[in-house]
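For reference, the structure discussed in these notes is given below.
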Amino acid sequence: MKKDSNRRKVIVKRDLCIGCGICVLLAPKTFKLNKEGKVEVISQGKGSEKEIKEAIDNCPVEAISYQEES
Ligand code: SF4
C-alpha cells in the first residue's frame, strides 16, 4: 500500500510535557497549551511538516512524535 504523509499523526505525551510553550510558538496551528498548562494537539495536517519537525526537535522533554497510521 502507498504510504503518504497524511497517514502520519502527531502525538504528544502529556505526562512528560512541562508546559514550556516552545511547540506552541513554533507550530501554533498544531499545538496549544490547555488550562493545566499541558500541550494539546489542536489539528492534524494544518501546520506545515517543517514547523512540526522543529517542535519535535526542540521539545526539551521529547514529548512530541509522529505516529504512523496503518
Ligand atoms: Fe510541552 Fe514539549 Fe511543547 Fe514544551 S515543547 S509545551 S514540553 S510538548
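In listed order, ligands and their atoms are each counted from 1.
Using a 4.0 Å cut-off between a side-chain N of Lys or Arg and a carboxylate O of Asp or Glu, Arg8 and Glu49 qualify as a salt bridge.
In this structure, Ile11 CD1 and Glu69 CD are separated by 10.0 Å, a value rounded to the nearest 0.5 Å. Atom CD1 of residue Ile56 and atom CD of residue Glu62 lie 10.5 Å apart, to the nearest 0.5 angstrom.
Side-chain contact between Pro60 and Ile18 is present, with heavy atoms from C-beta onward closer than 4.5 Å. For the pair Phe31/Leu26, no side-chain contact is recorded, criterion being any heavy-atom separation below 4.5 Å from C-beta on.
Note on atom 2 (Fe) of ligand 1: protein N/O/S atoms under 2.8 Å are Cys59 SG.
Remark: the backbone N or O of Val10 is paired with a side-chain donor or acceptor of Gln44 at under 3.5 angstrom.
Residue Gly21 approaches ligand 1 through these ligand atoms, each under 4.0 Å from one of its heavy atoms: 4 (Fe), 6 (S).
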